[in-house]
Amino acid sequence: MTQHQPVLSGDQIATRPRGRLLLNVPAISVLFLWSIVPLCMTLWFSFRRYNLMEPTRTGFDGWGNYRYLLSDPGLGLAIWNTIFLLASILLITIGLGTLLAILFDQDFFGRGIARVLVLSPFFVMPTVSALLWKNMILHPENGLLAFLMRSVGLKPVDWFAVAPLTSIIVIVSWQWLPFAFLTLLTAVQSLDEERKEAARMDGAGAIAMFRYIIWPHLGRAVAATTMIETIFLLGIFAEIYVTSAGGPGFASTNLSFLIYRYVLMEYDIGGAAVAGLVAVLLANLLAFFLMRSFARNLDA
Amino acid sequence: MATIELRQIRKSFGESEILRGIDLTIRDQELTVFVGPSGCGKSTLLRLIAGLEDSTAGDLLLDGQRINHVNPARRGLALVFQTYALYPHMSVADNMSFNLKLAGVPKEERERKVAEAARILNLEALLQRKPKELSGGQRQRVAIGRAIVRNPKVFLFDEPLSNLDASLRVRMRVELTRLHRQLRATTIYVTHDQVEAMTMADRIVVLQAGSVEQIGTPMELYRQPKNIFVAGFIGSPRMNFLSATLQQNTSSGTMIAFPDGATLHVPLISKSAQAGEKVTLGLRPEHAYLAENSVLAAKVQTVEHLGPESYLHLLSRYGEAMTVRVNGETTTKVDADISVGFDPGSLHLFDKSGLAFESPSMLTTGTGVSN
Ligand SMILES: Nc1ncnc2c1ncn2[C@@H]1O[C@H](COP(=O)(O)OP(=O)(O)O)[C@@H](O)[C@H]1O
Ligand SMILES: [Mg+2]
């Protein structure tokens with residue numbers, strides 16, 4: 001009987017830094033190619049004169065693109081819109097999601113079907129859902145809302161002209177509510193039943209129960225939902241493109257739509273690169289603050 | 001001052017009836033243990049008293065007041081859960097004072113009460129910790145502290161020691177008994193472990209399949225189990241059961257016959273059992289000994305040496321398994337043929353429905369009901 005010694009135990013690998021580094025090389029190089037190379041190219045373009053309409057004007061432009069973009073009145077508005085969209089949608093989806101999650105944690109007749117209905121918007125493609133909302137619900141002539149308003153004697157409103165940003169917030173919230181609902185429902189359901197009963201014995205009513213027991217328990221799920229939604233919502237595009245096209249004026253243009261405007265309306269790759277860098281900067285700033293405020297929750 | 005009275009309490013979950021008409025009085029200042037096998041409805045009964053479940057029928061009285069529909073928080077009872085159910089995001093102190101905080105008690109008074117409970121339970125150094133930074137035994141004490149801080153009329157414990165390791169369990173058992181002496185509060189303690197029941201209880205309620213089998217002090221249940229279930233449940237190792245046939249009722253007892261015709265006179269009587277009826281003879285392992293010559297011949301199957309004592313696991317000549325407690329230094333070997341002796345006064349006898357035969361001189365044996 002021979003005893004087989006493991007060739008290299010976990011401890012040995014850990015105590016040999018060079019070996020560890022070597023093993024990490026493939027992962028690091030993929031990550032590098034994946035993220036750093038495009039970023040460098042963007043940086044490169046941001047200093048170039050590069051407009052598809054003027055192919056002969058090339059070469060370095062110094063800070064030209066930056067000066068041009070920073071003087072663009074659309075930029076400030078786009079940054080504001082990006083943040084406003086993100087904050088509103090986060091607030092709505094997590095607020096409503098929590099409410100629904102607590103509701104669906106109770107047993108009621110037809111819960112299974114109701115749950116499928118709540119989840120279904122998530123399976124509709126963004127373009128399709130934007131079209132649905134634009135043509136069937138918010139349309140000033142044929143929309144459901146217009147019909148309802150007319151039937152109570154009100155004058156229908158052209159939502160995308162009057163409140164374009166709000167309309168987009170409603171559409172995107174509708175799409176993302178299922179996601180928030182699902183993650184929060186899982187969290188609510190993972191709450192120990194005996195803990196709730198202990199709180200009941202301690203005299204906690206519905207509000208105290210939510211404030212002191214349920215909400216603290218949801219911390220992690222809320223953090224995760226916020227992070228994931230932030231990643232996707234910073235780049236909302238299809239919903240704007242399909243409905244308001246960023247207008248009127250720049251009223252519903254966010255950063256990703258601004259970049260699109262530079263590239264495909266003005267063919268200005270250099271300008272678009274600068275706008276892209278602004279977007280990267282904004283994403284990193286947000287990520288920094290999110291990580292800081294949630295770090296405590298995540299390692300709890 | 002707190003007594004609890006249950007009158008014909010019933011509880012069903014859907015079709016299945018879990019509690020089948022419980023009549024019970026929990027006396028003031030006593031530690032009453034509900035004991036029974038897993039799934040017999042102990043927790044359900046406790047939760048019903050706590051107010052976490054509603055009874056399907058029956059009355060629940062606290063100090064004479066019907067409290068069936070009183071909010072659990074207003075009953076003045078405190079429940080210690082099996083999983084402790086601490087609030088993980090709150091410190092030990094906040095866990096313990098959560099109830100007072102919700103009740104709007106001022107901060108100074110809260111701190112005073114928490115400090116007091118922490119002193120009793122030796123938790124002073126841990127007040128600022130979070131539950132996850134505590135050991136199992138410490139969490140257990142915090143859960144008890146949370147109950148003490150409320151100054152309840154009745155303490156309710158649901159298998160509080162079952163998540164602890166064996167040695168800690170023994171220590172906490174002693175500590176809980178001491179705490180009960182100190183606080184003198186009416187206490188209901190649920191466990192499936194008959195050792196916990198025997199060691200801690202002032203009074204034991206044996207439950208099975210949603211019914212009360214017997215109520216009494218630990219020694220009453222040990223000496224005079226009302227039926228075969230209680231006899232088998234109380235005492236460790238379990239009582240030996242041997243089948244026999246009732247041959248004759250006499251004035252001083254009962255003559256029974258073993259399968260091979262050997263007879264034995266048992267000094268116990270029954271009003272209902274008839275000659276020819278199947279009966280079960282009960283003999284506790286600690287009441288049996290090795291004898292020269294007896295009706296109970298057996299072969300040794302295994303010998304368990306525990307140190308201070310040993311257990312012989314036997315196969316009687318009627319083919320039934322038996323256990324006998326013997327001296328720790330016993331030299332008896334496996335496969336030895338032995339004979340089991342006993343004092344007829346220590347025998348138990350049960351009729352075909354499992355009901356115990358009674359002593360004809362119940363009033364003079366001195367094992368009667370104590371208060
Ligand atoms: N909420 C419930 N719904 C349905 N059945 C339950 C519920 N709670 C307990 N039961 C059933 O009641 C029986 C007794 O449970 P329980 O009181 O927890 O037993 P014990 O505490 O004695 O082990 C079990 O068969 C269990 O399945
Ligand atoms: Mg139980």
Side-chain angles (χ1 to χ4, degrees), chain A residues 94-95 97-98 101-102 105-112 183-227 290-300, chain B residues 14 43-44 46-53 70-91 94-105 110 130-133 139 142-147 149-160 163:
Chain A
I94 290 178
T98 307
I102 290 170
D105 188 39
Q106 329 284 322
D107 210 1
F108 58 86
F109 180 73
R111 182 168 71 162
T183 49
L184 292 166
L185 178 65
T186 327
V188 167
Q189 286 178 339
S190 74
L191 178 54
D192 179 25
E193 202 58 38
E194 287 200 342
R195 196 184 305 162
K196 278 195 272 183
E197 288 175 346
R200 248 178 87 197
M201 297 283 299
D202 270 338
I207 292 171
M209 181 76 83
F210 179 77
R211 174 155 170 224
Y212 295 111
I213 307 296
I214 298 177
W215 183 249
H217 176 74
L218 293 183
R220 244 197 253 214
V222 169
T225 311
T226 306
M227 297 267 194
L290 283 176
M291 289 302 265
R292 248 180 55 152
S293 54
F294 287 135
R296 224 163 38 99
N297 269 325
L298 286 178
D299 67 17
Chain B
S43 296
T44 308
L46 195 74
R47 291 163 53 79
L48 212 133
I49 294 171
L52 294 172
E53 305 276 0
V70 176
N71 184 306
R74 301 237 171 76
R75 295 187 180 190
L77 316 177
L79 176 57
V80 176
F81 291 85
Q82 183 173 354
T83 58
Y84 316 145
L86 300 178
Y87 312 125
H89 49 277
M90 295 185 201
S91 68
D94 288 345
N95 260 284
M96 284 170 40
S97 63
F98 186 53
N99 166 263
L100 302 177
K101 180 176 172 176
L102 291 179
V105 173
R110 267 167 19 209
K130 292 275 173 66
K132 69 165 183 237
E133 298 159 342
R139 279 179 212 182
V142 175
I144 296 168
R146 191 163 67 179
V149 166
R150 301 181 51 178
N151 191 22
K153 290 185 191 153
V154 182
F155 283 90
L156 310 174
F157 292 91
D158 191 354
E159 310 225 6
N163 288 346

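Every value quoted in this text rests on a predicted model; they were computed, and no experiment measured them. Only heavy atoms go into these numbers, but all of them, side chains included; no hydrogens, no water, no symmetry mates. So you know, we letter chains A, B, ... as the sequences are listed, proteins then strands, and number each from 1.
- When the options B:L86, B:N95, B:N163 are evaluated for a side chain to side chain contact (heavy atoms under 4.5 Å, CB included) with B:R139, the one that passes is B:L86.
- Looking at B:R75, neither its backbone nor its side chain comes within 4.5 Å of chain A, counting heavy atoms on both sides.
- Put simply, the side chain of A:R195 never gets that close to the backbone of B:Y87: no donor and acceptor are under 3.5 Å apart.
- Of the two parts of B:K130, neither the backbone nor the side chain holds a non-hydrogen atom closer than 4.5 Å to a non-hydrogen atom of chain A.
- Interface remark: B:A103 contributes no atoms to any contact with chain A (heavy atom separation under 4.5 Å).
- Between A:R111 and A:D105, none of the side-chain N atoms (NZ, or NE/NH1/NH2) sits under 4.0 Å from a carboxylate O, so this pair counts as no salt bridge.
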Going by atom type alone, with no hydrogens or angles, which donor-acceptor pairs under 3.5 Å involve a side-chain atom of residues 151-159 of chain B and a protein atom two or more places apart or on another chain?
residue: B:D158; atom: OD1; partner: B:S43; partner atom: OG; Å: 3.3
residue: B:D158; atom: OD2; partner: B:S43; partner atom: OG; Å: 3.0
residue: B:E159; atom: OE1; partner: B:H192; partner atom: ND1; Å: 2.8

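- Both the backbone and the side chain of B:L79 come within contact range of chain A, each with at least one heavy atom under 4.5 Å from a heavy atom of that chain.
- In the model, A:D202 has no side-chain atom that pairs as donor or acceptor with a side-chain atom of A:Y212 under 3.5 Å.
- Chosen from A:E197, A:H217, A:E193, the residue pairing most often with chain B at heavy-atom distances under 4.5 Å is A:E197.
- Contact of B:R146 with chain A is made through the side chain alone, with heavy-atom distances under 4.5 Å.
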